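Below is one structure, written out as structure tokens, with a few remarks after it.
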2 protein chains.
Amino acid sequence: MSTEPGTASYPSRSAELLWGPRGRAGRGPRPGLSRDQIVTAAIAVADRDGVDALSMRRVAAELRVGTMSLYRYVPGKAELLDLMLDQVSDPGPGRGPAAGADWRQVMADHARGSRDLYLAHPWLLQVNWCRPVFGPNTLAGVELVIAGLAGLGLTDRERVTVMIAIDSYVTGFVRNQILYSRAAEETGISDEEFWATQHPVLERAMASGDYPELAKLAEDSFNAGWEESFEFGLQRLLDGVQALVDARRRPGYRSGSTA
Amino acid sequence: MSTEPGTASYPSRSAELLWGPRGRAGRGPRPGLSRDQIVTAAIAVADRDGVDALSMRRVAAELRVGTMSLYRYVPGKAELLDLMLDQVSDPGPGRGPAAGADWRQVMADHARGSRDLYLAHPWLLQVNWCRPVFGPNTLAGVELVIAGLAGLGLTDRERVTVMIAIDSYVTGFVRNQILYSRAAEETGISDEEFWATQHPVLERAMASGDYPELAKLAEDSFNAGWEESFEFGLQRLLDGVQALVDARRRPGYRSGSTA
DNA sequence: CTGATCTGCGTACGGCGTACTCAGAAGAGT
DNA sequence: ACTCTTCTGAGTACGCCGTACGCAGATCAG
């Protein structure tokens with residue numbers, strides 16, 4: 001409390017908001033607004049106009065309400081972002097793993113689902129969360145993955161670490177994709193224009209001889225689609241996990257390296 | 001130029017700054033400052049006080065100079081960030097791959113090097129780069145990895161995609177680590193205090209029965225160190241690449257899945 | 001009806017990035 | 001040596017931001 005608020009949320013406050021009862025004392029006037037309304041409006045603004053356009057004033061305007069009224073429902077912007085994260089992580093009702101799916105399918109589905117989520121709400125990866133506060137919906141996703149890794153002979157810690165690895169890959173990949181492709185509209189410069197400005201610079205760099213291997217690459221080496229690249233890396237990662245699972249089942253096997 | 005600047009840099013301007021000649025016309029007074037000085041000072045501020053404390057006024061104060069003077073050397077904050085990225089990516093002189101290292105060692109070294117870099121300069125992952133502009137140093141890192149993947153029977157496009165996958169994993173992992181561990185000092189709350197506030201909430205969630213598999217996990221399943229977790233995931237990913245390399249060498253082999 | 005309590009929100013403060021503007025220093029041309 | 005062009009340094013100001021504070025009025029307990 002003594003330090004400046006900065007961008008960081010106060011985790012215990014966010015936890016209360018995420019898990020706490022939504023009771024209300026019956027003394028004053030009825031609230032004309034709800035926390036969910038505010039969170040929904042904020043998500044709409046962030047989706048439509050980007051995270052830079054997300055401000056308390058903007059959200060209030062969206063709801064035709066005074067700016068400071070928001071603070072009756074949300075302690076501050078950081079906590080609002082925490083709530084946005086959890087609301088958007090809601091998988092919807094009845095979203096479980098297909099009954100007969102093997103672990104690899106479950107992991108791949110989860111990875112693709114996360115990717116879709118991040119692409120639909122790019123601000124998820126652009127915001128500096130003070131610290132990931134676990135909300136009910138976030139936790140439900142974790143449960144699904146951990147359950148999908150049950151019964152494979154992995155230790156509990158390995159299951160958790162595999163989950164982290166997959167999440168890291170997805171997060172990092174989509175972050176890259178967003179930086180490259182979404183930024184086009186933010187700068188008002190199309191992808192073609194961007195590469196048109198970069199191309200001569202790169203040509204000169206290649207001609208300099210400082211990057212011999214890069215210069216030898218075929219022209220279209222960087223032209224794989226995002227979707228295709230994502231799948232490729234994901235399958236490599238899952239292949240590696242597969243090797244570990246096989247090793248646990250056939251104890252004679254040795255992995256390419258220990259960890 | 002017609003649109004608002006926002007957070008996005010103007011890529012052609014950044015490219016000129018990164019690659020362009022540093023010539024100066026000899027007419028006016030000598031510049032009392034240099035772009036490198038500004039970039040260095042900005043990096044110092046970001047490292048010391050965090051990315052939120054990085055402002056043009058702050059950098060100017062660091063250099064005991066008027067705020068607007070910075071704009072004689074750097075078009076704006078976004079471009080300054082681009083320059084910071086490239087300066088910090090300088091691997092130093094004579095940093096090549098060890099001569100006899102196999103590809104796996106080269107990839108692992110590169111991954112660990114990136115990780116160290118990101119941990120040393122967390123703002124690298126917290127800033128929303130408008131778009132990754134390739135600077136000389138960034139490009140040198142790419143060259144190293146692509147060279148390390150030569151001669152393995154992979155296509156050019158596969159080499160690029162493997163590189164992206166490794167970079168995605170590293171980026172995503174360290175981002176997570178930073179969010180969890182670095183945020184402690186920003187909120188002024190220690191790791192213990194944070195978990196102390198989260199623990200009862202999680203206990204109640206586990207007791208609710210909504211997360212059966214999570215509840216069954218051993219208590220210390222999440223307690224693996226960052227370093228250990230990073231290595232584990234990295235080795236899994238490299239195992240997967242290994243499988244692809246092996247498949248290319250023994251054409252009869254089939255991967256766990258195609259991509 | 002009274003008093004406590006809660007909501008909505010206007011005002012204001014300090015900080016941000018940066019456009020504009022101008023004084024004055026330094027070299028070029030004569 | 002003088003002028004003119006050009007460049008640097010920087011103060012001021014504008015429109016954003018998050019949010020602390022305080023007040024008017026609505027609502028309900030007693």
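Letters A, B, ... are given to chains in the order of the sequence lines, protein chains preceding strands, and every chain is numbered from 1. None of these values were measured; they are calculated from a predicted model. FYI, side chains are in, hydrogens and waters are out, and symmetry mates aren't considered; it's all heavy atoms of this structure.
Side-chain proximity of Ser55(A) to dC17(D), dT18(C), dT7(C): nearest is dC17(D). You'll find that the side chain of Tyr73(A) is closest to dT7(C), out of dG27(C), dT19(D), dT7(C).
Side-chain atoms of Asn176(B) and Trp226(B) form no donor-acceptor pair, as typed in the model, at a separation below 3.5 Å.
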* Going through the checks in order, is the side chain to side chain contact (heavy atoms under 4.5 Å, CB included) test met by Met84(A) and Leu81(A)? -> CA-CA 5 Å; Met84(A) 290 167 67; Leu81(A) 287 165; 3.8 Å; yes
* Start with the C-alpha gap between Tyr169(B) and Phe173(A), add the side-chain angles, then the distance that decides, and say whether side chain to side chain contact (heavy atoms under 4.5 Å, CB included) holds. => CA-CA 7 Å; Tyr169(B) 169 72; Phe173(A) 188 97; over 6 Å; no
* To do: Could you give me the CA-CA distance, side-chain angles and deciding distance for Arg112(A) and Val170(A), then say whether side chain to side chain contact (heavy atoms under 4.5 Å, CB included) is met?
  => CA-CA 8 Å; Arg112(A) 294 186 196 111; Val170(A) 174; over 6 Å; no
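Judged by atom type and distance alone, Arg57(B) does not reach the base of dG15(C) through any side-chain donor-acceptor pair under 3.5 Å.
If you find the closest nucleotide of DNA chain D to Arg64(B) and to Ala53(A), the one lying nearer the 5' end belongs to Arg64(B). Residues Arg58(B) and Leu33(A) each lie close to DNA chain C; by heavy-atom proximity, the contact nearer the 5' end of the strand is made by Leu33(A).
No engagement by Leu70(A) is indicated, since no non-hydrogen atom pair under 4.0 Å with the nucleic acid exists. Ser69(B) comes within 4.0 angstrom of a nucleotide base, judged by non-hydrogen atoms across all strands.
Residue Thr67(A) has no polar side-chain atom (N or O) positioned under 4.0 Å from OP1 or OP2 of dC9(C).
Atom CD of Glu79(B) and atom P of dT18(C) are 8 Å apart (whole Å). Computed from coordinates, the Arg35(A) CZ to dT7(C) P distance equals 12 Å when rounded to whole Å. One interatomic measurement links the two molecules: CE of Met56(B) to P of dG17(C), which rounds to 7 Å at whole-angstrom precision. At whole-Å resolution of the value, CZ in Arg72(A) and C1' in dA20(D) are 12 Å apart. With rounding to whole Å, Lys77(A) atom NZ is found 18 Å from dA20(D) atom C1'. Atom OH of Tyr71(B) is separated from atom P of dG17(C) by 6 Å (rounded to the nearest Å). Between the CZ atom of Arg30(A) and the C1' atom of dT5(C) there is a distance of 14 Å, rounded to whole Å. The distance between atom CE of Met68(A) and atom C1' of dC17(D), rounded to the nearest whole Å, is 12 Å.
Taking the charged nitrogens against the carboxylate oxygens, Glu62(B) and Arg57(B) have no contact shorter than 4.0 Å, which rules out a salt bridge.
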